[in-house]
Asker: 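Below is the structure I would like to discuss, written out as structure tokens.
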Amino acid sequence: MRDILRRLEEKRAAARAGGGQRRIDAQHAKGRLTARERVELLFDPDSFEEWDMFVEHRSTDFGMGDQRTPGDGVVTGYGNMNGRLVFVFSQDFTVFGGSLSEAHASKICKIMDQAMKVGAPIVGLNDSGGARIQDGVASLAGYAEVFQRNVLASGVVPQISLIMGPCAGGAVYSPAMTDFIFMVKDSSYMFVTGPDVVRTVTHETVTHEQLGGAVTHTTKSGVADLAFENDVEALLQLRRFIDFLPPSNREKAPVRATPDPGERAEPSLDSLVPVNSNTPYDMKELIRKVVDEGDFFELQPDYAGNIVIGFGRIEGATIGVVANQPMVLAGCLDIDSSRKAARFVRFCDCFNIPILTFVDVPGFLPGTNQEHNAIIKHGAKLLFAFAEATVPKVTIITRKAYGGAYDVMSSKHLRGDVNFAWPSAEIAVMGPKGAVEIIFRSDIGDAEKIAQRTEDYREKFANPFVAGARGFIDDVIMPSTTRRRVARSLAMLRDKKLENPWKKHDNIPL
Ligand code: HXC
């Protein structure tokens, strides 16, 4: 017995030591934490339960037979984040560069399977050189096993990837299929083919950071949702983030006690929208003034800034916010903003999170660039996402709601539950100038006549009352009462039941 205990302790010590002090020091020298240090920071103190510490790889080629580290380069298990159950895998770069062997993959699959059974989120801390070269095709099989589970878990439990080192080749496709990707600046990168291959094939010279670093993916490609300064900030923000999410599609997000009353008025909102309807204002100010305690967790803030997405709470319950941003491209919809918001709306719908939509949209962005790159298909994604969503949907039109974009932005016609307009709302087929130039084309040479007709149009259509007369909006509300009206609407909708017709799955335009 004593012998077994001694061996147990030796194995545990070997697993904890990973690839040894020299490699741990190298990891620290790069400004990165080790896999275990990350897990420690992620979970509440003393709550982590580790599994499969004794798993070893099965390779014998290339001298691998005598190079075995218990745990095989990934720390897996579960623990509590702010008291709530979460499963984790954390790749250990000090063991074969965190590369994925068959055994390493089977550890990840085990916690994914368990998370799905009990209904708890899965967090992946990625820091890996990709497929374990010595493991051959078995490592590719391991990746595919993980991919398959990513797909099966999609919409069942939230999946979050934190990229904290290399993530290259086919390995990127596991994070790509998770719900959210966070990265660490100057420390992590993701690409399908690295700078060397790029140079050979396309003759472009590019650094790792330029090709697939955190800034690239949060500003240019939109692959990642957020970029953090370092490991510690990323892990602490992930702890904050997970509090907004439900554990699975079977439950609602936790309700958090708040001192912020739902009835709170916000008088400053009455003067938020400028008199001139072409003058921008900051939609984020409105969002922060409406949600509990001004606490808004924005996603993708530096990508497609013409639409704002993120989580907040109303009376303690999580909501997803989607809002046009008049400060960027006048808040129009384009390819990037449509894709960004569509995926977010679908996440909310999967996970029982009500959607609050703020609308100030002049329409879709015109141009050959947009048309040739398929704005038709991409815009349809957002339309599809709002239309299929069965969660509570509350919409506030603050100013412009023109054309097809009016329909798309969670309108009454797409089963919006409560649709309000501010007095400044302009709901019409198109803006006054464009409309007059089409229907009174023969008057175009006569500036006075055009001005008069434009004014008539503005008077007649650029207001909330035409839509109000048809019941397309439920009420015209004072901006200062927005939080109260949203809170009451969401309280009314708390037990909403709505089901789409049975189908195997839909066929969203991709
Ligand atoms: C086995 C690996 C490895 C791998 C790194 N190591 N990647 N071992 N398989 N894929 C080992 C190294 O031998 C080294 O071991 C240790 O990890 C650290 O690696 P370094 O190169 O010293 O570190 P660094 O300079 O920081 O460079 C990191 C790296 C580089 C950029 C990730 O190691 C690299 O390019 N690795 C190969 C990446 C790759 O091509 N992977 C396969 C991609 S294909 P020692 O003993 O010296 O510490 C793929 C397909 C997936 O992933 C398919 C899914 C469908």
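We count ligands from 1, going down the list as the structure has it; atoms in each ligand are counted the same way.
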Asker: For ligand 1, is there an N or O atom under 3.5 Å from any N or O atom of Ala131?
Answerer: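 Yes: some nitrogen or oxygen of Ala131 is under 3.5 Å from one in ligand 1.
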Asker: With the threshold set at 4.0 Å, does a side-chain nitrogen-carboxylate oxygen contact exist between Glu50 and Arg36?
Answerer: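 Between Arg36 and Glu50 there is a salt bridge, with a charged N closer than 4.0 Å to a carboxylate O.
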Asker: N/O of Gly97 under 3.5 Å from N/O of ligand 1, yes or no?
Answerer: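 Yes; at least one N/O pair falls below 3.5 Å.
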Asker: Any nitrogen or oxygen of Lys30, side chain or backbone, less than 3.5 Å from one on ligand 1?
Answerer: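 Yes - when backbone and side-chain N and O of Lys30 are compared with those of ligand 1, one distance drops under 3.5 Å.
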Asker: So is Gly169 touching ligand 1 or not, going by heavy atoms under 4.0 Å?
Answerer: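 The answer is no: ligand 1 sits nowhere under 4.0 Å from a heavy atom of Gly169.
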Asker: Can you give me the closest heavy-atom contact between Pro246 and Lys252, atom names plus distance?
Answerer: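 Scanning both residues, the minimum pair turns out to be CB-C, 3.5 Å.
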Asker: Please confirm whether Arg23 makes a cation-pi placement over Phe93, using NZ or CZ under 6.0 Å from the six-membered ring centre and within 45° of the ring normal.
Answerer: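 No, Arg23 and Phe93 do not form such a contact.
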Asker: With atoms numbered from 1 as shown, which atoms in ligand 1 lie under 4.0 angstrom from a non-hydrogen atom of Gly130?
Answerer: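 Reading through ligand 1 atom by atom, the close ones are 52 (O).
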Asker: Ignoring hydrogens, tell whether any protein atom lies closer than 4.0 Å to atom 52 (O) of ligand 1; use the non-hydrogen atoms only.
Answerer: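 It does: a protein heavy atom is found less than 4.0 Å away from atom 52 (O) of ligand 1.
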Asker: For atom 48 (O) of ligand 1, find the nearest protein heavy atom and state the residue, atom name and distance (0.1 Å precision).
Answerer: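 Scanning the protein heavy atoms, the shortest distance from atom 48 (O) of ligand 1 goes to Arg23 NE, 2.6 Å.
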Asker: Of all the heavy-atom pairs spanning Pro158 and Leu245, show the shortest one and how long it is.
Answerer: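 Looking at all heavy atoms of both residues, the shortest contact is CB-CD1, 4.0 Å.
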Asker: Between Thr94 and ligand 1, which residue portion shows a heavy-atom distance shorter than 4.0 Å: side chain, backbone, both, or neither?
Answerer: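 It is neither; nothing of Thr94 touches ligand 1.
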Asker: Where on Tyr189 is there a heavy atom closer than 4.0 Å to ligand 1, on the side chain, on the backbone, on both, or on neither?
Answerer: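 For Tyr189, the contact with ligand 1 is made by the side chain alone.
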Asker: Is atom 35 (O) of ligand 1 near the protein, in the sense that some protein heavy atom lies at less than 4.0 Å from it?
Answerer: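 Within 4.0 Å of atom 35 (O) of ligand 1, no protein heavy atoms are found.
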Asker: If you measure from the Lys or Arg side-chain nitrogens to the Asp or Glu carboxylate oxygens, is any gap between Asp127 and Lys30 under 4.0 Å?
Answerer: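 No, no charged N to carboxylate O under 4.0 Å.
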Asker: Please lay out, stage by stage, how His378 and Lys381 fare under the test side chain to side chain donor-acceptor pair (under 3.5 Å).
Answerer: CA-CA 5 Å; His378 296 295; Lys381 290 175 183 169; 3.0 Å; yes
Asker: Parallel, tilted or perpendicular: which describes the rings of Phe351 and Phe347, with under 30° parallel and over 60° perpendicular?
Answerer: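 Phe351 vs Phe347 ring planes: tilted.
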Asker: Ring centroid separation for His217 and Phe191, is it under 6.0 angstrom?
Answerer: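 When the ring centroids of His217 and Phe191 are compared, they turn out to be at least 6.0 Å apart.
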Asker: Quick check on atom 26 (O) of ligand 1 - does any protein heavy atom sit closer than 4.0 Å to it?
Answerer: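 Within 4.0 Å: yes, protein heavy atom nearby.
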Asker: For atom 31 (C) of ligand 1, is there a protein heavy atom at a distance under 4.0 Å?
Answerer: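 Looking at atom 31 (C) of ligand 1, one finds that a protein heavy atom does lie closer than 4.0 Å.
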Asker: Any idea how Phe228 and Phe182 line up, ring-wise: parallel (<30°), tilted (30 to 60°), or perpendicular (>60°)?
Answerer: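 The arrangement is perpendicular - the two ring planes meet at more than 60°.
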Asker: Classify the angle between the aromatic ring planes of Phe311 and Phe344 as parallel (below 30°), tilted (30 to 60°) or perpendicular (above 60°).
Answerer: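 Geometry flag for Phe344 against Phe311: tilted rings.
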Asker: I'd like to check atom 9 (N) of ligand 1 in this structure: does the protein have a heavy atom lying under 4.0 Å from it?
Answerer: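 Yes, there is a protein heavy atom closer to it than 4.0 Å.
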Asker: What residue and heavy atom of the protein are closest to atom 7 (N) of ligand 1, and at what distance?
Answerer: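 Residue, atom and distance for the closest contact: Gly129 CA, 3.8 Å.
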Asker: Among all protein non-hydrogen atoms, which one is nearest to atom 19 (O) of ligand 1, and what is the separation to 0.1 Å?
Answerer: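 In this structure, atom 19 (O) of ligand 1 has Phe93 CZ, 4.1 Å as its nearest protein heavy atom.
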Asker: Need the ligand 1 atom indices (1-based, order shown) with element for anything under 4.0 Å from a heavy-atom of Gln134.
Answerer: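 So the atoms of ligand 1 that pass are 1 (C), 9 (N).
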Asker: Side chain or backbone, does Phe147 bring an N or O within less than 3.5 Å of an N or O on ligand 1?
Answerer: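 For ligand 1, there is no N or O atom that lies under 3.5 Å from one belonging to Phe147.
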Asker: Pair Met112, Gln159 - check side chain to side chain contact (heavy atoms under 4.5 Å, CB included), show working.
Answerer: CA-CA 10 Å; Met112 292 180 83; Gln159 301 180 78; 3.7 Å; yes
Asker: Between Ala171 and ligand 1, does any nitrogen or oxygen pair lie at a separation below 3.5 Å?
Answerer: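 Checking ligand 1 against Ala171, no N or O pair falls under 3.5 Å apart.
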Asker: Counting only non-hydrogen atoms of the protein, does one fall under 4.0 Å from atom 13 (O) of ligand 1?
Answerer: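 Neighbour list for atom 13 (O) of ligand 1 is empty of protein heavy atoms (cut-off 4.0 Å).
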Asker: Looking at every non-hydrogen atom in both residues, tell me the closest pair between Pro354 and Thr318 and how far apart they are.
Answerer: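 Closest approach of Pro354 to Thr318: CD-O, 3.4 Å.
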Asker: Can you check side chain to side chain donor-acceptor pair (under 3.5 Å) on Asp282 and Gln325, steps first, answer last?
Answerer: CA-CA 7 Å; Asp282 187 3; Gln325 170 59 291; 2.9 Å; yes
Asker: If you count the atoms of ligand 1 from 1 in the order shown, which ones are under 4.0 Å from a heavy atom of Leu140?
Answerer: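 That gives atoms 53 (C) of ligand 1.
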Asker: Classify the ring geometry of Tyr406 against His413: parallel below 30°, tilted from 30° to 60°, perpendicular beyond 60°.
Answerer: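 The arrangement is perpendicular - the two ring planes meet at more than 60°.
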Asker: Polar contacts were defined as any N/O atom of the residue lying under 3.5 Å from an N/O atom of the ligand; does this apply to Tyr143 and ligand 1?
Answerer: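 No, there is no polar N/O contact under 3.5 Å.
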Asker: I need the atoms of ligand 1 closer than 4.0 Å to a non-hydrogen atom of Ile133, numbered in the order shown.
Answerer: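 In order of numbering, the contacting atoms are 1 (C), 4 (C), 9 (N), 10 (N).
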Asker: Could you tell me the residue and atom name of the protein heavy atom closest to atom 6 (N) of ligand 1, and the distance to it rounded to 0.1 Å?
Answerer: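 Residue, atom and distance for the closest contact: Phe96 O, 3.7 Å.
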Asker: Determine, counting only non-hydrogen atoms of the protein, whether one lies under 4.0 angstrom from atom 41 (N) of ligand 1.
Answerer: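 There is a protein heavy atom less than 4.0 Å from atom 41 (N) of ligand 1.
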Asker: Please tell me if atom 46 (O) of ligand 1 is touched by the protein, where touching means a protein heavy-atom distance below 4.0 Å.
Answerer: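 Protein heavy atoms within 4.0 Å of atom 46 (O) of ligand 1 - there is at least one.
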Asker: Which of these passes side-chain contact (heavy atoms from CB on, under 4.5 Å) with Met81: Ile242, Asp243, Val88?
Answerer: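 For Met81, the side-chain contact (heavy atoms from CB on, under 4.5 Å) test succeeds with only one of Ile242, Asp243, Val88, which is Ile242.
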